[in-house]
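Structure, as structure tokens:
These numbers come from the heavy atoms of this one structure, side chains and all, not from hydrogens, waters or symmetry mates. None of these values were measured; they are calculated from a predicted model. Along the sequence shown, residues are numbered consecutively beginning with 1.
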Amino acid sequence: MKYLFHEIKKVFGQRFFVLITTALLVICTGLSTFSIRKSISALRNEEAVESYRLYNEAPYAAKALYEEYSAKSKSGIDVPDTYTYLRGIIRRAENNAAYPKKLLKISESARRKALELERDGYGEGDFIYDYQKKCEDLYRIASDSIELPTAIVSGWSTYFSQNYITYFILAVVFLLVCTVYIPEKTDGIYPLLRSTKRGRYALSGAKFSAVLLLSIGITILFSGTSFAVIAAKIGFSSPNMPLQVLSAFEYCPYLITVGEYFAIHTALRLAGVLIFALVCTAITTVRCDYVISFSGAALLTLINFLLNTISYNSVNSPARHLNLFSLCDAGGIFDRYYAVNFFGSLVPLLTFGLCFFIPILIAASVWAYLAIARGRGPLNAAGILSGVFKRIKLPSIKKRTAKILLRRCGLAGFEAHKVFGKVGIATLLILLAVIRINSSITAYDYPTDADEIFYREYLEYLDGEYTEEKAQYLRDEIV
């Protein structure tokens, strides 16, 4: 514990870390304030609050008052602002009353698509069939269980839409990792520290724990600042309402409240930040060098940013959701039902995400913890391969000197040997080639998304001369 406190004290003792973190926090607060500068809080408006109270306590009286004001307005007589609020409240109440039918319509549409798939030879075990059946069940349960209240909804949509906060958090976390691990290397005291009694595993554990704890603190600080700005400016409505009261989650099939989603959103943001912190730590411990650390973190950020922003052929593409930016912002996971097509089988997105991120988390943790404790390269530091290779008797291979290689293959061949003889670079080139070939194949591949398949069949059926049979088909689809 003493070493942990020392690492935390060291971080806050670095003036550049404190100054940059403070500057980014001020900028983040300013952006949050600027983004809601024109927002009008219904919670702070007495007439709006009174109109909602009147409707919820006496809906018939509120409707009668609205009709009275409406008649006066059509006659050119001035009416109070209560008329405007009552008009919006009544429209919302009508939409809320029709909401279960909207979900039931989605369920029925999924049921019809499943029946069409059965006629085409699909069944249980096929992704597109299982996906439609799952949608049918989830949306039918939701239509029977969800009732949207006619009440003021404020603050939550604004908070969940401020995704730029993630960029500030990740920038500060990267700076934190550099502050924890690199100073001792630049000062040249790592060999001295590792020669002490508790300068290996205890020191590595303290650094590792400091990164985790301070990353959590940074996430709470920036997220809490945004929350406080919104609460002070426009306020938050009750967190006990169904999540579907927010327009972005209108087609969410899950039975959760706004408050429960807020807890899930916070947990996922923490998970994404910790994964980013651990991967950056693993990169940093390779050489404890600012250039390598920055290059690795920049590459990691760029890859995840591209995965989060590029378009996909299928809405169920795992890369669309399983990147750090989507994870930190809950990735639209709850705006509808998503699943992963895993070799033709349906796998829930949550299950696939856990199987994807947990190995990364464990590998980065082991790497980051043992690299400092062992004090050598990451593979040797982890001690995973060195012990195995010591017990395996490999045939002896004589190393060829650069002079012999140069004489045998010439300058061009020698340069090629330097590049492709490096296992890491060769592996990277092979991986990039595989990715490129796969992207070229999938770019012209037959669509596997159920919506794309039904849209194509829909156009093929209606192609050609317009007949009475096609007209009846269209009428059935509208109903």
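Note that CG of Leu148 and CD1 of Ile146 are 7.0 Å apart. Values are rounded to the nearest 0.5 Å. Atom-to-atom distance recorded for Leu255:CG and Ile141:CD1 is 7.5 Å, nearest 0.5 angstrom. Separation of atoms CZ (Phe249) and CD1 (Ile256) is listed at 8.0 Å; rounding is to 0.5 Å. For the atom pair SG of Cys328 and CD1 of Ile165, the computed distance is 11.5 Å after rounding to the nearest 0.5 Å. Residue Ser215 holds its OG atom at 11.0 Å from CD1 of Ile220, rounded to the nearest 0.5 Å. One finds the CG atom of Leu327 at 10.5 Å from the CZ atom of Phe356 (value rounded to the nearest 0.5 Å).
Within the structure, every pair that satisfies the side-chain hydrogen bond (donor to acceptor under 3.5 Å, both in side chains) test and touches residues 242-258, not counting sequence neighbours, is listed here: Lys102-Glu250.
Ser32 and Tyr164 share a donor-acceptor pair across their side chains, judged by distance under 3.5 Å alone. A donor and an acceptor atom, one from each side chain of Thr219 and Arg269, are nowhere located under 3.5 Å apart. Side-chain contact check for Tyr129 and Glu118: at least one donor-acceptor pair (N or O, by modelled atom type) lies under 3.5 Å. Between Tyr52 and Arg92, the side chains place a donor N or O and an acceptor N or O closer than 3.5 Å (distance only, hydrogens not considered). When only modelled atom types and interatomic distance are considered, Asn163 and Thr166 share no side-chain donor-acceptor pair under 3.5 Å. Side-chain polar atoms of Gln162 and Ser226 form a donor-acceptor pair below 3.5 angstrom.
Under the rule for a salt bridge (Lys or Arg N to Asp or Glu O under 4.0 Å), Lys63 has no partner lying at least two apart in sequence or in another chain. Looking at residues two or more places apart in sequence or on another chain, you find a salt bridge (Lys or Arg N to Asp or Glu O under 4.0 Å) between Arg111 and Glu108. Partners of Glu57 under the salt bridge (Lys or Arg N to Asp or Glu O under 4.0 Å) rule, at least two apart in sequence or in another chain, are Arg53.
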Show which side-chain atoms of residues 273-284 pair as donor or acceptor with protein atoms under 3.5 Å away, not counting sequence neighbours.
unit_1: Thr281; atom_1: OG1; unit_2: Ala277; atom_2: O; d: 2.7
unit_1: Thr284; atom_1: OG1; unit_2: Cys280; atom_2: O; d: 2.7
unit_1: Thr284; atom_1: OG1; unit_2: Ser293; atom_2: OG; d: 3.2

Distance-only check: which donor-acceptor pairs under 3.5 Å involve side-chain atoms of residues 19-27, not counting sequence neighbours?
unit_1: Thr21; atom_1: OG1; unit_2: Phe17; atom_2: O; d: 2.7
unit_1: Thr22; atom_1: OG1; unit_2: Val18; atom_2: O; d: 2.7

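Without hydrogens or angle criteria, Ser143 side chain to Arg140 main chain gives a donor-acceptor distance under 3.5 Å. Formation of a donor-acceptor pair under 3.5 Å by the Asn96 side chain with backbone atoms of Pro149 is found in this model. Put simply, the side chain of Asn304 gets close to the backbone of Leu324: a donor and an acceptor are under 3.5 Å apart. Judged by distance alone, with hydrogens and angles left aside, the side-chain atoms of Thr301 form a donor-acceptor pair with the main-chain N or O of Ala297 at under 3.5 Å. At distances below 3.5 Å, at least one donor-acceptor pair connects side-chain atoms of Tyr131 with backbone N or O atoms of Tyr337. For the pair Asn95 (side chain) and Arg91 (backbone), a donor-acceptor distance under 3.5 Å is present.
Ring geometry for Phe305 against Phe325 counts as perpendicular: the plane angle is over 60°, on a 0 to 90° scale with 30° as the lower cut. In this pair, Phe160 and Trp156 present their aromatic rings parallel. The plane angle is below 30°, not in the 30 to 60° band.
Taking a cutoff of 4.0 Å between a charged side-chain nitrogen and a carboxylate oxygen, Glu7 and Lys10 qualify as a salt bridge.
Counting all heavy atoms, side chain and backbone alike, Thr225 lies closest to Leu221 at OG1-O, 2.7 Å. Closest of all the heavy-atom pairs between Asp335 and Ala248 is CB-O, 3.5 Å. Taking every heavy atom of both residues into account, Gly155 and Ile234 meet most closely at CA-CD1, 3.9 Å. Shortest non-hydrogen contact noted between Glu136 and Ser107 is O-OG, 2.8 Å. Here the closest non-hydrogen pair linking Ala210 and Leu4 is N-CD1, 3.5 Å. Ser154 approaches Gly235 most closely through the heavy-atom pair OG-O, 3.0 Å.
Counting heavy atoms from C-beta outward, Leu86 and Leu65 have side chains that approach closer than 4.5 Å. When side chains are defined from C-beta on, Ile128 counts as touching Leu117, because their heavy atoms get closer than 4.5 Å. For the pair Phe227/Phe222, no side-chain contact is recorded, criterion being any heavy-atom separation below 4.5 Å from C-beta on. Counting heavy atoms from C-beta on, the side chains of Leu31 and Phe168 come closer than 4.5 Å.
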Report task. Show the numbers, then the answer: is there a side chain to side chain contact (heavy atoms under 4.5 Å, CB included) between Phe262 and Phe236? Result -> CA-CA 12 Å; Phe262 172 74; Phe236 286 96; over 6 Å; no
Requested in this report: Could you walk me through whether Tyr99 and Glu147 pass the side chain to side chain contact (heavy atoms under 4.5 Å, CB included) test, one step at a time?
Outcome: CA-CA 8 Å; Tyr99 182 72; Glu147 293 183 2; over 6 Å; no
Requested in this report: Kindly determine whether Leu346 and Asn341 satisfy side chain to side chain contact (heavy atoms under 4.5 Å, CB included), including the steps that lead there.
Outcome: CA-CA 5 Å; Leu346 184 144; Asn341 184 353; over 6 Å; no
Query - Verdict with reasoning, Phe16 to Thr179, per side chain to side chain contact (heavy atoms under 4.5 Å, CB included) - result: CA-CA 9 Å; Phe16 73 94; Thr179 306; 3.7 Å; yes
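Atom OH of Tyr167 is surrounded by more than 12 heavy atoms from other residues, nucleotides or ligands within 6.0 Å.
Between Phe352 and Tyr338, the gap from one ring centroid to the other reaches at least 6.0 Å.
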